[in-house]
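Contents: one structure, followed by commentary.
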There are 2 protein chains.
Amino acid sequence: MAQEAEDDGAQTFLLTAGEAEATVGYKLRLAQILAFRAFEEKLSDRGRAPRYLGLLAIIRNHPGQPQSRLAEAVALRRSSLVTILDILAGEGLVERRPVRGDRRSNGIWLTKMGSRVVDELLAESRRHDAMLTEGLSQEEVGAALRALDRMILNMRNAEGG
Amino acid sequence: MAQEAEDDGAQTFLLTAGEAEATVGYKLRLAQILAFRAFEEKLSDRGRAPRYLGLLAIIRNHPGQPQSRLAEAVALRRSSLVTILDILAGEGLVERRPVRGDRRSNGIWLTKMGSRVVDELLAESRRHDAMLTEGLSQEEVGAALRALDRMILNMRNAEGG
DNA sequence: CCTGGATTGTTCGATGTCGAACAATACGGC
DNA sequence: GCCGTATTGTTCGACATCGAACAATCCAGG
């Protein structure tokens, strides 16, 4: 009966907080919040590109895709992407172009500046990854990546079904 | 030069989106968004407890902790936790009690109902985890958990220093 | 003691994401 | 060709989280 507050040192508390019941989902969340926040803070002088680097990288690898497809790729909503693309277009990183054969949709493309910014930020991103996975072996990192891929796949397959 | 939009099927696009440049940080984010969203949607009829299950579990394991300590444990800000605890207290899951010896801080405790709700939701959470990690072996899940722990540790050590 | 700096909870305005709606456009079955 | 249904981008109001400020309280050094 823990009717009395425990007297952990702060360190011990943080390390063991929720440990007993901690699930993959929970640790996933914690790690993501901390990693994402740190990355954004480190690059707070580069506009909003760091936050949307994933999106920008996808646009570079798959230029001309419609917004709806991009939204699905980064697991955000169609409606959220509107504002995001407005911002990125406002910063001159991205362009909406008409798509021949479908007057509903826009194709999204990187500008030259956008392409350059993505290059720079991907380098930063790799440095950040190194910090994030410090103390893990190549094999462990690889295994974690494969596990994450599988989780992403599992959740995508479950979506809307 | 990919000046022409590619003609992936939607499946292929999703699977390979950003694959070339994908970092641990990015996949972490994607997996977390999808997993968290699915968990919340599945339990949309249980108030706001699902979203804050991690917090509630920590309160159960470490009753009587001050808000600031809890905020750090779940990687949210002190100011954010105020609203959250207001809500959880409003739903009757949590109580603020005065702390003897420090009139600034509150100790946070689960109510009986809160404790019951946490039990139920932790069971749901384990089921959700099973879905999330489907297709991964016990060893792979264990390795992923250890990797996540390490990443959390790394980011915490880097914080503010 | 007592005074200056830290810590705690709180408020408040700013920003990001969401879901539900909508108009414009595409498309399949007839 | 025509019509019902899907899809696309968009707007709008709701909500979650943030950072900066603040008052109350604690505490360490003189």
Side-chain angles (χ1 to χ4, degrees), chain A residues 5 9-10 13 29-30 32-34 36-41 44 47-55 64-91 94-108 159-160, chain B residues 5 9-10 13 29-30 32-34 36-41 44 47-55 64-91 94-108 159-160:
Chain A
F13 176 63
R29 179 162 173 80
L30 220 51
Q32 189 270 319
I33 292 178
L34 290 166
F36 195 65
R37 181 187 291 167
F39 185 65
E40 251 192 321
E41 276 172 7
S44 55
R48 288 211 194 42
R51 154 160 272 166
Y52 301 118
L53 177 57
L55 172 62
Q65 296 293 328
Q67 301 181 194
S68 59
R69 203 89 87 81
L70 294 176
E72 198 181 358
V74 296
L76 293 182
R77 300 310 188 179
R78 241 162 54 243
S79 63
S80 307
L81 224 67
V82 174
T83 324
I84 293 170
L85 289 175
D86 286 349
I87 291 170
L88 295 178
E91 293 189 356
V94 141
E95 279 179 353
R96 283 181 245 235
R97 300 193 200 159
V99 167
R100 47 155 206 149
D102 192 337
R103 272 181 298 170
R104 291 170 304 175
S105 59
N106 306 321
I108 309 296
E159 237 177 344
Chain B
F13 175 63
R29 178 162 174 80
L30 220 51
Q32 189 270 319
I33 292 178
L34 291 166
F36 195 65
R37 182 187 291 167
F39 185 65
E40 251 192 323
E41 275 171 8
S44 56
R48 288 211 195 43
R51 156 160 270 165
Y52 301 119
L53 177 57
L55 172 62
Q65 295 294 329
Q67 299 181 196
S68 58
R69 203 91 85 81
L70 293 176
E72 198 181 358
V74 295
L76 294 181
R77 301 308 188 179
R78 243 163 51 244
S79 63
S80 307
L81 225 67
V82 175
T83 324
I84 294 169
L85 289 175
D86 286 350
I87 292 170
L88 296 177
E91 292 189 357
V94 141
E95 279 179 352
R96 285 182 244 236
R97 300 191 199 160
V99 167
R100 47 153 207 150
D102 191 339
R103 273 180 298 170
R104 291 171 303 178
S105 59
N106 306 321
I108 309 297
E159 237 177 344

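Worth knowing before you read on, the calculation uses all heavy atoms, side chains too, and leaves out hydrogens, waters and symmetry mates. Chain letters run A, B, ... following the sequence lines, proteins first, then strands; residues in each count from 1. Since the structure is predicted, the reported quantities are computational estimates derived from the model, not experimental observations.
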Answer yes or no: does a side-chain N or O of [X] lie under 4.0 Å from OP1 or OP2 of [N]?
{"X": "A:Q67", "N": "D:dT7", "answer": "no"}
{"X": "B:S68", "N": "C:dT8", "answer": "yes"}
{"X": "A:R96", "N": "D:dT10", "answer": "yes"}

Nearest-nucleotide comparison on DNA chain D, the residue closer to the 5′ end among A:L85 and B:G101: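 Nearer the 5' end of the strand: A:L85.
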Return whichever of B:R77 or B:I87 has its heavy-atom-nearest nucleotide of DNA chain D closer to the 5' end. B:I87
In whole angstrom, what separates [X]'s [atom1] from [N]'s [atom2]?
{"X": "A:E72", "N": "C:dC18", "atom1": "CD", "atom2": "C1'", "result": "17 Å"}
{"X": "A:I108", "N": "D:dT8", "atom1": "CD1", "atom2": "P", "result": "13 Å"}
{"X": "B:R48", "N": "D:dT17", "atom1": "CZ", "atom2": "P", "result": "10 Å"}
{"X": "A:R97", "N": "D:dT8", "atom1": "CZ", "atom2": "P", "result": "20 Å"}
{"X": "B:R100", "N": "C:dT8", "atom1": "CZ", "atom2": "C1'", "result": "18 Å"}
{"X": "A:R69", "N": "D:dT7", "atom1": "CZ", "atom2": "P", "result": "13 Å"}
{"X": "A:D102", "N": "D:dT8", "atom1": "CG", "atom2": "C1'", "result": "7 Å"}
{"X": "A:L55", "N": "C:dG16", "atom1": "CG", "atom2": "C1'", "result": "14 Å"}

Using a cut-off of 4.0 Å on non-hydrogen atoms, how would the nucleic acid contact of [X] be classed: base, sugar-phosphate, or nothing?
{"X": "A:E40", "value": "nothing"}
{"X": "A:S105", "value": "sugar-phosphate"}
{"X": "A:L81", "value": "nothing"}
{"X": "A:R78", "value": "base"}

If you check every side-chain atom of [X], which of [options] has the closest atom?
{"X": "A:S79", "options": "D:dT10, D:dT8, D:dC18", "value": "D:dT10"}
{"X": "B:R37", "options": "D:dT8, C:dG16, C:dC18", "value": "C:dC18"}
{"X": "B:E41", "options": "C:dG19, C:dC18, D:dG19", "value": "C:dG19"}

If you apply the rule side chain to side chain contact (heavy atoms under 4.5 Å, CB included), what do you find for B:I84 with B:L55, and how did you get there? CA-CA 10 Å; B:I84 294 169; B:L55 172 62; 3.8 Å; yes
Return whichever of A:R103 or A:T83 has its heavy-atom-nearest nucleotide of DNA chain C closer to the 5' end.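 Looking at the nearest nucleotide for each, A:T83 comes out on the 5' side.
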Along DNA chain C (nearest heavy atom to each residue), the more 5'-positioned of A:L76 and A:R104: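 With A:L76 and A:R104 compared, the 5'-side residue is A:L76.
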If every non-hydrogen atom of A:L81 is compared with every non-hydrogen atom of A:Q67, which pair is closest and at what distance? CD2-O, 3.4 Å
When rounded to the nearest 0.5 angstrom, what distance separates CG in B:L85 from CG in B:N106? 8.5 Å
Could you go through B:E95 and B:I108, starting from their C-alpha distance and side-chain angles, then the distance that decides it, and tell me whether this counts as side chain to side chain contact (heavy atoms under 4.5 Å, CB included)? CA-CA 6 Å; B:E95 279 179 352; B:I108 309 297; over 6 Å; no
